[in-house]
2 protein chains.
Amino acid sequence: MTASTRTLIVEKADTLFYEGGFEATSFADIAAVVGISRGNFYHHFKSKDDILDAVITRRIARTRDMLDAWQDQGDDPRQRILSFIRMLIANRAKIMAFGCPVGTLCSELAKLDHAAQGRAVDILGLFRDWLAGQFRELGAGARAEPLALHLLSWSQGVAVMASAYRDEAFIHSEVAGIENWLANLPELSPVP
Amino acid sequence: MTASTRTLIVEKADTLFYEGGFEATSFADIAAVVGISRGNFYHHFKSKDDILDAVITRRIARTRDMLDAWQDQGDDPRQRILSFIRMLIANRAKIMAFGCPVGTLCSELAKLDHAAQGRAVDILGLFRDWLAGQFRELGAGARAEPLALHLLSWSQGVAVMASAYRDEAFIHSEVAGIENWLANLPELSPVP
DNA sequence: GACTTATTAGGACATTTGTCCTATTTCTTC
DNA sequence: GAAGAAATAGGACAAATGTCCTAATAAGTC
């Protein structure tokens with residue numbers, strides 16, 4: 001069972017948008033990678049913005065799946081939050097080359113004043129809500145949401161700096177800092 | 001004394017590159033804002049990359065001037081670092097709309113695999129070196145450089161999140177967090 | 001096997017891109 | 001004021017862009 005052309009287009013466009021940026025990626029680029037003719041796109045999508053929309057939809061679905069998987073992998077919220085943090089380590093090569101897929105897309109779409117910016121931010125929102133849920137479980141109460149935003153912000157900063165300097169040691173040292181922060185949050189019940 | 005055309009081009013291009021991105025800004029856009037004809041560019045610059053180079057050179061010079069001004073405005077390194085931090089407040093409107101000028105440029109050029117990426121990162125380097133100098137004065141020793149990188153990273157994260165959510169309250173709360181962090185750094189001599 | 005639908009290739013299309021060329025205007029210097 | 005240099009406008013240029021159209025092929029259905 002081979003993937004449908006439509007799915008293939010979305011997959012390849014996703015990668016190209018991430019690695020080269022949305023604006024800088026052309027139909028010709030996607031066509032070359034997918035191996036179809038340029039005119040054939042419009043049987044599957046009615047515009048380039050439509051492809052972006054499908055890419056974001058795919059990212060939302062995949063993010064949901066990832067968060068669900070993290071949710072099922074243990075009953076300790078602190079451990080689940082570590083799964084999020086360690087994304088920085090797991091994806092370090094790509095992050096050093098292209099930054100965070102979500103953060104850089106949001107930044108680019110903000111500058112383009114693109115209609116899809118809100119949906120791109122929604123991906124960030126999935127992480128925020130999920131993290132807030134974990135902090136709530138840890139007894140953070142009303143501080144759960146700010147803590148989630150702070151952690152998200154922290155990882156965005158690490159991604160920007162890591163891609164600017166292509167510095168793997170920096171990622172590791174910041175991840176250690178985040179883990180330390182998490183283990184010593186004064187509002188929460190301490191690590192058992 | 002009116003600014004030269006060359007200077008005007010660089011100024012307007014700087015703004016457009018920041019607010020709309022480098023790739024998405026065309027010669028026609030710059031020409032329209034400056035009020036000159038498209039063909040006239042090549043009397044002043046030999047390519048679009050040349051304009052980007054001039055824009056980065058200008059940003060480097062202006063950053064140097066700003067850091068020098070901060071340096072002269074008091075003898076307390078902690079106070080000087082606060083000048084850096086409060087940039088987030090002073091420029092919050094633009095940051096919420098377009099992110100950090102330096103961080104977003106570095107991110108975009110990384111994706112474009114552009115030759116000027118290194119020079120864009122050099123702007124970040126000015127801040128890093130200056131901040132490291134302040135931390136050194138505070139007695140941070142070998143920790144000065146990592147602390148500078150951490151602070152830079154923190155502010156980059158705030159800029160990304162602020163532009164994604166256009167959330168002014170978030171900027172204020174994170175700035176408060178940074179100030180608190182600065183006041184309680186364990187390695188350094190405490191606030192007098 | 002005939003018929004319909006889905007999928008594809010290939011190219012046309014107007015527009016925009018960065019770049020370059022050539023006149024013409026403006027400024028400077030004697 | 002004349003001569004030379006600097007600056008500008010306007011358009012030409014090929015290449016690339018997103019979009020659309022049409023004809024051909026493939027797949028699926030009766």
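We name chains A, B, ... by the order of the sequence lines, and we start the count at 1 in each one.
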When you get a sec, tell me which of D:dA9, C:dA12, C:dT19 is the closest nucleotide to the side chain of A:Arg38?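 So the nucleotide nearest the side chain must be C:dA12.
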
Of all the choices, C:dT17, D:dT17, D:dT19, which nucleotide is nearest to the side chain of A:Ser26 once you look at every atom?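 Of the options given, the side chain of A:Ser26 lies nearest D:dT17.
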
Whole-Å distance separating the [atom1] atom of [X] from the [atom2] atom of [N]:
| X | N | atom1 | atom2 | answer |
| --- | --- | --- | --- | --- |
| B:Arg6 | D:dT8 | CZ | C1' | 17 Å |
| A:Phe41 | C:dT8 | CZ | P | 11 Å |
| A:Ile9 | C:dA9 | CD1 | P | 10 Å |
| B:Phe45 | D:dA6 | CZ | C1' | 15 Å |
| A:Leu52 | D:dT19 | CG | P | 12 Å |
| A:Ile51 | D:dT17 | CD1 | P | 14 Å |
| B:Ile30 | C:dT19 | CD1 | C1' | 14 Å |

For [X] and [N], is the shortest distance between a side-chain N/O and OP1 or OP2 below 4.0 Å?
| X | N | result |
| --- | --- | --- |
| B:Tyr42 | C:dT19 | yes |
| A:Ser37 | C:dG10 | no |
| B:Asn40 | D:dA9 | yes |
| B:Thr5 | D:dA7 | no |
| B:His44 | D:dT8 | yes |

Quick check against the 3.5 Å criterion: does B:Arg119 have a side-chain atom that pairs as donor or acceptor with the backbone of B:Asp53?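 Yes, B:Arg119 side chain to B:Asp53 backbone: donor-acceptor pair under 3.5 Å.
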
Give a yes or no answer on whether the side chain of B:Lys94 reaches the backbone of B:Pro101 with a donor-acceptor pair at less than 3.5 Å.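 Flag not set: sc B:Lys94 to bb B:Pro101 has no pair under 3.5 Å.
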
Sole residue of B:Leu88, B:Val158, B:Asp167 in side chain to side chain contact (heavy atoms under 4.5 Å, CB included) with B:Glu174: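 Per the side chain to side chain contact (heavy atoms under 4.5 Å, CB included) rule, the option paired with B:Glu174 is B:Val158, out of B:Leu88, B:Val158, B:Asp167.
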
Looking at B:Asp75, I'd like to know if its CG atom is crowded, meaning that more than 12 non-hydrogen atoms belonging to other residues, nucleotides or ligands lie closer than 6.0 Å.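 Counting neighbours around CG of B:Asp75, 12 or fewer heavy atoms of other residues, nucleotides or ligands fall under 6.0 Å, so no.
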
Does A:Asp113 CG have over 12 foreign heavy atoms under 6.0 Å away?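 No - once you tally the heavy atoms of other residues, nucleotides and ligands closer than 6.0 Å, there are 12 at most.
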
Between B:His43 and A:Asp29, which is nearer to the 5' end of DNA chain D once each is assigned its nearest nucleotide?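 Closer to the 5' end of DNA chain D: B:His43.
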
